[in-house]
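Below you'll find the structure, written out as structure tokens, and then a few comments.
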Amino acid sequence: QVQLVESGGGLVQAGGSLRLSCAASGRTLSNYAMGWFRQAPGKEREFVAAVSVSGSSTYYADSVKGRFTISRDNAKNTVYLQMNSLKPEDTAVYYCAGRNTGNTGVYYSEHAYNTWGQGTQVTISS
């Protein structure tokens, strides 16, 4: 089973940028569809972005479309979330998730994923 570790979170001002990384160990990510989710205090976890096994397909929540970019480097066993034009409402714990799959789909439901990282805190000040 692959283990996922997120990094790159922190405190930034509104309008700023952050890049989150999700590094895998234990197994290669090359057969995993990947996603990013977030959970704000007092709210349910929500989908942010997803990328297919090859990286050729991506999907975004409407709330982040045009501001966030998900990408992956299978050679480095790492998935990224570039976050620009950050807003206070982006404040949350961000989780990466993986689904071992042989197809080319992207998945926006958290129930589709069977491997999760521990999360990294992102705080946006106004």
- request: Please step through side-chain contact (heavy atoms from CB on, under 4.5 Å) for the pair Thr78 and Cys22, ending with a clear verdict.
  value: CA-CA 5 Å; Thr78 302; Cys22 173; 5.6 Å; no
task: Could you grab the distance from atom CG of Asn103 to atom CZ of Arg99, nearest 0.5 Å is fine?
output: 7.0 Å
Joint hydrophobic cluster, Tyr60 plus Val51, side-chain heavy atoms closer than 4.5 Å: yes
field: Six-ring centre of Tyr80, Arg72 cation under 6.0 angstrom, axis tolerance 45°
entry: no
- prompt: CD/Gln13 to CD1/Ile124 distance, rounded to the nearest 0.5 angstrom?
  reply: 10.0 Å
- prompt: So do Tyr32 and Thr101 actually touch side chain to side chain, heavy atoms under 4.5 Å?
  reply: no
query: side-chain contact (heavy atoms from CB on, under 4.5 Å) between Lys76 and Ser21: does it pass, once the steps are laid out?
result: CA-CA 11 Å; Lys76 294 184 178 180; Ser21 298; over 6 Å; no
query: If we only count heavy atoms from C-beta on, is the Ser17 to Gln82 side-chain gap below 4.5 Å?
result: yes
message: Test of understanding: clusters of I, L, V, M, F, W, Y form through side-chain heavy atoms closer than 4.5 Å, transitively. Do Ile70 and Val2 belong to the same one?
response: yes
Heavy-atom side-chain contact between Leu86 and Phe68 under 4.5 Å: yes
field: Side-chain heavy atoms of Val93 within contact of Val122, under 4.5 Å
entry: no
- request: Mind telling me whether Tyr113 and Tyr107 have parallel, tilted or perpendicular rings, with 30° and 60° as the class edges?
  value: perpendicular
- request: Indicate yes or no: at least one non-hydrogen side-chain atom of Leu81 is less than 4.5 angstrom from one of Thr69.
  value: no
- prompt: If two hydrophobic side chains count as joined below 4.5 Å and joins carry through other members, does Leu20 share a cluster with Val64?
  reply: yes
statement: For Ala33 and Gly105, the nearest pair of non-hydrogen atoms, with its separation, is CB-O, 4.0 Å
query: Under 4.5 Å between any side-chain heavy atoms of Gln118 and Glu6, yes or no?
result: yes
- prompt: With side chains defined as the heavy atoms from C-beta onward, is the minimum distance between Thr28 and Asn77 less than 4.5 Å?
  reply: yes
- request: Inspect the contact between Lys87 and Asp90 and indicate whether a charged nitrogen and a carboxylate oxygen are less than 4.0 angstrom apart.
  value: no
Point-to-point distance, once rounded to the nearest 0.5 Å, from CZ of Arg27 to CG of Leu4: 12.0 Å
- prompt: Of the non-hydrogen atoms in Val79 and Ser71, which two are nearest, and what is the gap between them?
  reply: CG1-O, 3.3 Å
- request: Find out whether Cys96 and Trp116 are in side-chain contact, i.e. whether some heavy atom of one side chain is under 4.5 Å from a heavy atom of the other.
  value: no
- request: Taking atom types as modelled, find out whether Glu89 and Thr91 have a side-chain donor-acceptor pair closer than 3.5 angstrom.
  value: no
query: Do Thr123 side-chain atoms and Leu11 backbone N/O form a donor-acceptor pair below 3.5 Å?
result: no
message: For residues Trp36 and Val12: do they belong to one hydrophobic cluster (side chain heavy atoms under 4.5 Å, members Ile, Leu, Val, Met, Phe, Trp, Tyr)?
response: yes
query: Which atom pair, heavy atoms only, marks the closest approach of Pro88 to Ser126?
result: CG-CB, 3.8 Å
query: Is the cationic atom of Arg45 (NZ for Lys, CZ for Arg) positioned less than 6.0 Å from the six-membered ring centroid of Tyr95 and within 45 degrees of its normal?
result: yes
message: For Arg38 versus Ser63, what's the shortest heavy-atom pair and its separation?
response: NH2-OG, 3.5 Å
query: Distance only, no hydrogens: is a donor on one side chain within 3.5 Å (strictly under) of an acceptor on the other, for Thr115 and Gln1?
result: yes
task: Indicate the ring-plane relationship of Phe37 and Phe47, choosing parallel, tilted or perpendicular according to the 30° and 60° boundaries.
output: perpendicular
field: Cluster check Tyr94, Tyr59: I/L/V/M/F/W/Y, side chain < 4.5 angstrom
entry: no
